[in-house]
Amino acid sequence: MELRAHLPQNIVGLGNRSRMARYNAKESEKKWQEAWSRSGAFLTPADSVRPKYYVLEMFPYPSGRIHIGHVRNYTMGDVIARFKRAQGFNVLHPMGWDAFGLPADNAAREKGVTPHEWTYANIAAMREQLKLMGLSIDWSREFATCDPAYYRHEQKLFLDFHREGLVYRSEADVNWDPVDETVLANEQVIEGRGWRSGAAVERRKLSQWFFKITAFSDELLAALDGLERWPEKVRLMQKNWIGRSEGLRFSFAVSNGKKIDVFSTRQDTLFGASFLALSPDHPLTEELAAKDPALARFVAECRRVGTAEEAIEKAEKLGFDTGLRADHPFDAGWKLPVYVANFVLMAYGTGAIFGCPAHDQRDLEFARKYKLPVLPVVVPEGADPKTFEIGDEAYVGPGRLANSRFLDGMTVEQAKDEVAKRLENTGAKRTVNYRLRDWLVSRQRPWGCPIPMVHCPKCGVVPAKESDLPIKLPDDLSFNVKGNPLAAHPTWKHTTCPKCGGEAVRETDTLDTFVDSSWYFARFCDTTAEQPVNRAAVDYWLPVDQYIGGIEHAILHLLYARFVMRAMKQAGYLKVAEPFAGLFTQGMVCHETYKDAHGNWLSPDDVEKRSGQALRKGTGEPVAIGPSEKMSKSKKNVVAPEEIIDIFGADTIRWFMLSDTPPERDIEWTDEGAEGCWRFVQRIWRLVSEAQGLPPPGAPVAAVEGAALALRRAAHRAVAAVTDDLASLRFNRAVAQIYAFANAISGAGPDVPGAVRRETLETLVLLIGPMMPHLAESCWESLGRRQFVAATPWPAADAALVAADTLTVAVQVNGKLRGTITLPAGADDAVAQATALAHDNVAKALAGKKPRRVIVVPNRIVNIVL
RNA sequence: GGCCCCGUGGCGGAACCGGUAGACGCAACGGACUUAAAAUCCGUAGUUCCGAAAGGGACGUGACCGUUCGACUCGGUCCGGGGCCA
C-alpha cells in the first residue's frame with residue numbers, strides 16, 4: 001500500500017516537538033478494547049426493565065479475512081448499537097459465523113485439510129481482525145453454524161417441520177449445478193446460472209427434500225405491507241418473486257376422450273384461443289411420448305435447458321403437434337390443436353395452457369412460428385376492432401372485448417368474470433396461483449447440516465430419533481471421491497431404523513446453508529438454550545429491530561428467514577412471524593481500477609499518483625485509471641482493512657465508512673479521503689488535549705451571552721441534529737454536523753468561559769462516541785472523566801438553545817434574492833415587511849413604486865411582488 | 001417492453017413541509033510559521049460579465065414545458081445512468 005509511503009513521517013513515530021501531542025491510535029485502541037473487554041461493557045444482561053433494541057448485521061462467511069465491505073457493514077451496526085445503548089436501551093449486538101458451505105469443501109479437496117480445521121482456523125483469524133475494529137459486540141454469544149451445538153437444533157427444527165407437514169421428499173425436475181455437483185433452489189439460479197459457481201444449470205429429475213414455503217405464499221406476500229422499515233425496493237422484489245395471480249382453472253375435452261386442465265389469468269381472451277400447449281413434463285405428454293419416439297426425442301431436447309424461467313424465456317419457442325384436438329369450452333365444434341411446447345412450465349399452474357397469441361407475447365411468437373391464427377379479441381378504447389391488427393407485439397393493455405360473441409363490448413375485468421361464471425357450472429374454479437415454488441433444501445455436499453432422516457428398506461423414509469441428535473458429521477471424510485464424500489464414507493451412513501430396529505442407512509444429503517442462516521438471529525437470543533430457542537428470550541428480543549446487510553440478499557436469505565420464522569411459530573417456538581422489523585441495505589465499497597499499457601490489471605499497491613498522473617511504481621510506466629468499481633480480486637482493486645487499521649487505526653476507517661456518501665449508496669475508497677479522516681482524528685485530539693483552564697468535571701455552566709452563547713447554541717444544535725441523523729441512519733449527515741461543530745469550537749475566541757468550553761468539548765466527545773469509540777474514550781479520560789463514554793448517557797439538546805434568537809431572513813423581489821435582513825425569532829409579519837422594504841436594494845428596485853403584494857413567510861423569507 | 005430509483009461545482013455530497021442552492025469533506029490555489037520540508041494555522045474558490053478596487057449585474061441543480069409570489073423539491077414530455085420484472 002502506497003499510503004504509508006507518503007504519509008507524514010511523524011505518523012510512524014519520527015515526529016518533532018509536537019510528537020507528544022499526537023494521538024497514538026494503535027496504543028489507544030488496544031487499551032480501550034482491553035478495558036471494555038475486562039469490564040464486560042458489551043455483555044447483554046439477561047433481562048432488564050429498559051426497552052430492548054436488537055441490532056444485527058448479516059453474519060459473515062468465514063473466508064479467512066475480513067473484507068472492506070464487512071467493515072462498512074459492521075461499522076454501521078456498531079454505531080447504532082452504541083447510540084441506542086447511550087440512549088438507554090438494553091442492546092443486543094451479537095456476532096457469529098455462517099460457517100457451512102462449499103469453500104471449506106473445496107479447500108479440503110485442494111489443500112488436504114479437513115473442512116473443520118480450515119473453517120475454525122479462518123474463524124479465529126477473522127475474529128481477531130474484527131476485534132481490531134472495536135465493535136461493541138457481546139462476544140459471549142458467538143457461535144458458528146457448523147458447531148454441533150448449533151446444528152443439532154437445526155436438525156430438531158427439521159424434525160418439527162416434518163411433523164408439521166412443512167417438509168416433504170419428492171421427485172422433481174431440479175436445477176443441477178454441474179460445477180458444484182449439487183442441486184440448487186430456484187432462488188439460487190440467477191439468469192440460468194448457479195449463484196456461486198456461475199455454471200449453466202442443468203435440469204435433472206431427482207428425489208429431493210423440500211420445505212413447503214408455498215404454504216405461506218399468501219401470508220409472506222400480505223405481510224410485506226407491514227414491513228414499513230424495509231426498503232420499498234426489497235419489498236417489491238419479494239412481491240414479484242412470490243408472484244400472486246388470480247385466474248381460472250378449467251378443462252378442455254380432448255379427442256382421445258381425456259380432459260386437459262388449464263390455468264389462465266386471461267380467460268377473457270378465450271375466443272382468441274388458437275392452440276393448447278402441454279409442458280414437456282405433463283403426464284399426458286409422457287403418456288404420448290411412450291408411444292411416439294419423435295415426441296420422446298422432442299421432450300429430451302426440451303429438458304436440456306434448465307428449469308429456470310429466464311432460460312426458458314430466452315430460448316426459442318418450440319412445439320410438437322401431438323395430433324390431438326381439443327374442443328373449445330364454449331363451442332364443441334371449434335377444434336384446437338394440442339401441442340407440447342418448451343415454454344410451458346409443469347410447475348406453474350396445471351402444466352398446460354391455452355394459447356391466445358394476440359394477447360400474450362410467448363403465445364404470439366409460438367403462433368407465428370407454427371402459422372397459427374392470431375385473432376385480436378381485446379382492442380384498446382377508441383380503436384376499431386375491424387382494423388385493429390397485431391404485429392410483432394401482443395396487445396396486453398386494457399380495452400374492450402371484440403370478436404368474442406357474448407363478451408363483445410365488455411371490459412377485460414367484466415369478461416373475465418363472465419367467463420368464470422359460465423364455466424363454473426362445468427367444474428371451472430377461480431384460483432389464485434403463485435410463482436413461488438417450494439424450497440429445495442437438500443444438497444449433495446459433505447460440509448453442511450446432515451438431514452436427520454433414515455432410509456429403511458422395510459419402513460421407508462423415517463425421521464431420526466430426537467435422542468440421537470446431533471447426527472454429527474464424521475471428521476475423517478475422504479475428498480478424493482466422485483460425488484458426495486459423505487455418501488462415500490465407509491461407515492457413517494450405516495445405522496438402524498428408528499422404527500423397526502433393522503439395518504438402515506442415513507440420509508447423506510445435507511441442508512442448504514441458507515437454512516443455517518434462516519434462524520441464527522433467534523438462537524442469538526439465548527445461545528445456551530436446551531431447545532433450539534429459549535421461549536422467553538425470543539419473545540423478549542425478537543424481532544430484530546435493525547438488520548443491516550447487502551441488497552444481494554433481497555430475495556434469498558430474507559425470504560427464507562421469513563418462512564422459517566413462520567414455520568417455527570407454527571411449531572410453537574415463538575410468537576412473532578417477521579424476523580426483521582427494520583432492514584437496511586448498505587451499498588458496496590468501490591475503488592478505482594488500474595491497467596498498464598498491456599491491459600493488465602494493477603493493484604493500488606503498484607500504482608503511485610503524481611499531480612493527477614498515475615504511474616507504475618518502480619518503472620514509472622504510465623497507468624490508465626479506470627472507473628471506480630466494486631472491489632474484486634479479478635480487477636485487483638482491493639484494499640485490505642487490516643493494513644488500513646494498522647496504519648491509521650480503526651477509528652479512521654470507521655469514520656471514513658460513515659462520511660460523505662449516504663450509507664445505501666456505493667462508496668468509493670480513496671487514500672486521500674482516509675488521510676482526511678485521520679487528520680480529523682488528530683484535530684479532535686488536539687482540541688481536547690490542548691484545552692487549558694477547564695474547570696473540573698461537572699462544573700455548572702452559568703448563563704452566558706455573546707460568543708459563549710453562540711458556542712453553546714452550536715453545541716445544542718449539533719446534539720439535536722446528530723441525534724436525528726443517527727436515528728434515521730443518515731450517518732453522512734451526522735458526520736457533516738460534527739465537522740461543522742468542531743469548526744465552531746476551533747473558531748471560538750479565547751474569552752469563552754472554561755465551563756462553556758468544557759461543556760462543548762464533552763458534547764463533541766459524546767457525539768463522536770458511537771462512530772470513533774476509542775478516540776472518544778481517550779478524550780473523555782483526558783477531560784478527567786472516569787466512566788466509559790460507552791457507559792455515559794447520550795447528551796440532551798436544550799430546545800431553548802437549539803432555537804435561534806435572531807434569524808437571517810432572505811428578501812426577494814419578484815422571487816429573486818435581493819438581500820438579507822436580520823430579525824428576532826418570531827418577529828411579526830408587519831415588522832418583517834417593514835424591515836424588508838427598508839433594505840437598500842429593495843428600495844432601489846422599487847424606485848418609489850408601491851409593491852403589488854408582499855409575501856411574508858415567518859422566519860424564512862419576504863418576497864415583494866411588483 | 002413494463003415498473004422503480006437516480007441525474008446538483010473538479011469529486012463525494014448537503015439543502016427536512018416548495019422559501020438565501022452548493023453546508024461538510026476531498027482535491028486545488030494563495031499566504032503565515034520553518035534553514036527546508038512535513039504537520040499546523042489563516043485565506044480563496046459554481047460559471048460569466050462590468051469595475052483599478054470596493055462592489056454590483058446576469059446565468060446556474062440533465063433538457064424542454066407547466067403549476068406557483070417563489071421550483072433541486074410538485075406535474076407533464078424527453079434524454080442519460082442503474083435496478084427489478086418480463
Side-chain angles (χ1 to χ4, degrees), chain A residues 6-12 14-19 21-22 190-191 231-241 243 309-310 312-314 360-362 392-397 435 551-552 554-555 585 587 590 592 609 611-612 627-628 655-656 658-662 664-680 682-683 686 690 718 721 724-725 728 730 732-744 746-747 807-821 840-841 844 851-866:
Chain A
H6 65 82
L7 268 178
Q9 287 182 318
N10 46 6
I11 202 175
V12 283
L14 300 169
N16 59 7
R17 63 185 163 78
S18 68
R19 182 182 170 191
R22 293 233 161 252
I190 315 290
E191 290 180 356
E232 186 56 42
K233 186 163 77 167
V234 175
R235 289 194 282 172
L236 187 65
M237 282 166 74
Q238 291 213 355
K239 188 178 169 210
N240 289 336
W241 186 263
E309 263 173 72
E310 288 91 339
I312 289 166
E313 199 66 41
K314 281 178 188 142
D360 182 284
Q361 191 60 33
R362 291 171 304 184
D392 289 339
E393 280 190 25
Y395 179 71
V396 294
R435 192 174 160 276
I551 186 78
E552 66 274 19
I555 294 170
T585 52
C590 300
E592 278 181 337
K609 283 199 205 163
S611 50
S628 182
W655 189 249
F656 183 100
L658 301 165
S659 300
D660 293 351
T661 303
E664 69 278 8
R665 290 198 209 168
D666 292 351
I667 193 171
E668 187 186 353
W669 175 266
T670 65
D671 294 352
E672 296 81 5
E675 286 171 44
C677 294
W678 181 83
R679 280 200 296 271
F680 188 60
Q682 294 300 335
R683 197 173 144 213
R686 269 199 317 278
E690 292 174 3
D724 196 38
D725 289 337
S728 49
R730 290 175 296 200
N732 58 315
R733 297 211 315 195
V735 164
Q737 297 289 352
I738 287 172
Y739 272 117
F741 178 35
N743 291 345
S746 304
L807 294 156
T808 305
V809 171
V811 180
Q812 297 181 334
V813 177
N814 286 339
K816 293 200 174 190
L817 185 70
R818 284 291 176 260
T820 58
I821 53 177
D840 283 355
N841 285 345
K844 215 190 290 174
R852 275 201 296 150
R853 196 175 156 193
V854 179
I855 289 137
V856 179
V857 182
N859 299 338
R860 285 207 181 268
I861 206 161
V862 179
N863 191 12
I864 295 151
V865 186
L866 296 181

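Naming convention: chains lettered A, B, ... in sequence-line order (proteins, then strands); numbering from 1 in each chain.
By the salt bridge (Lys or Arg N to Asp or Glu O under 4.0 Å) test, A:Asp360 pairs with A:Arg362, sequence neighbours left out. Residues satisfying the salt bridge (Lys or Arg N to Asp or Glu O under 4.0 Å) criterion with A:Arg235, sequence neighbours excluded, are A:Glu232. Under the ring pair (Phe, Tyr, Trp, His ring centres under 6.0 Å) criterion, A:Phe680 pairs with A:Trp655, A:Tyr739, sequence neighbours left out. Applying the side-chain contact (heavy atoms from CB on, under 4.5 Å) rule to A:Ala744 yields the partners A:Leu711, A:Ala714; only residues at least two apart in sequence or on another chain are considered. For A:Asp666, there are no salt bridge (Lys or Arg N to Asp or Glu O under 4.0 Å) partners at least two apart in sequence or on another chain. Taking the side-chain hydrogen bond (donor to acceptor under 3.5 Å, both in side chains) definition, one finds that A:Thr808 meets it with nothing, sequence neighbours left out. Applying the side-chain hydrogen bond (donor to acceptor under 3.5 Å, both in side chains) test to A:Gln361 and every residue at least two apart in sequence or in another chain returns nothing.
Each of B:U40, B:C24, B:A39 was ranked by its minimum atom distance to the side chain of A:Arg679; first place goes to B:U40. With B:C69, B:C85, B:G25 as the candidates, the nucleotide lying closest to the side chain of A:Asn240 is B:C85.
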Original post:
If the sugar-phosphate is the primed atoms plus P, OP1 and OP2 and the base is the rest, what is the B/S/- string for nucleotides 57-64 of chain B, using protein heavy atoms under 4.0 Å?
Top reply: -SS-----
Within the sub-3.5 Å range, which N or O atoms of nucleotides 11-13 of chain B have a protein N or O partner, and how far apart are they?
| unit_1 | atom_1 | unit_2 | atom_2 | d |
| --- | --- | --- | --- | --- |
| B:G12 | O2' | A:Thr661 | OG1 | 2.6 |
| B:G12 | N2 | A:Asp660 | OD1 | 2.8 |
| B:G13 | OP1 | A:Arg665 | NH1 | 3.4 |

Using a cutoff of under 3.5 Å, can you pull out all pairs of nitrogen or oxygen atoms linking the protein to nucleotides 19-21 of chain B, with atom names and distances?
| unit_1 | atom_1 | unit_2 | atom_2 | d |
| --- | --- | --- | --- | --- |
| B:G19 | N2 | A:Gln812 | OE1 | 3.4 |
| B:U20 | O4 | A:Thr808 | O | 3.3 |

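If you take CZ on A:Arg679 and CZ on A:Arg683, they are separated by 10.5 Å, rounding to the nearest 0.5 Å.
Taking the C1' atom of each, B:C24 and B:G83 are spaced 29 Å apart, rounded to whole Å. For B:C49 and B:C41, the P atoms lie 35 Å apart once the distance is rounded to whole Å. For the P atom pair drawn from B:U8 and B:U73, the interatomic distance equals 13 Å after rounding to whole Å. Across the P atoms, B:C17 and B:C5 are found 16 Å apart, a figure rounded to whole Å.
Base pairing in RNA chain B yields stems of at least 3 consecutive Watson-Crick or G-U pairs, both distances under 3.5 Å, namely B:1-7 with B:79-85, B:10-12 with B:24-26, B:28-32 with B:40-44, B:46-50 with B:55-59, B:62-66 with B:74-78.
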Distance-only check: which donor-acceptor pairs under 3.5 Å involve side-chain atoms of residues 851-866 of chain A, not counting sequence neighbours?
| unit_1 | atom_1 | unit_2 | atom_2 | d |
| --- | --- | --- | --- | --- |
| A:Arg852 | NE | A:Leu866 | O | 3.3 |
| A:Arg852 | NH2 | A:Leu866 | O | 3.4 |
| A:Asn859 | OD1 | A:Gly826 | N | 3.0 |
| A:Asn863 | OD1 | A:Gly815 | N | 3.0 |

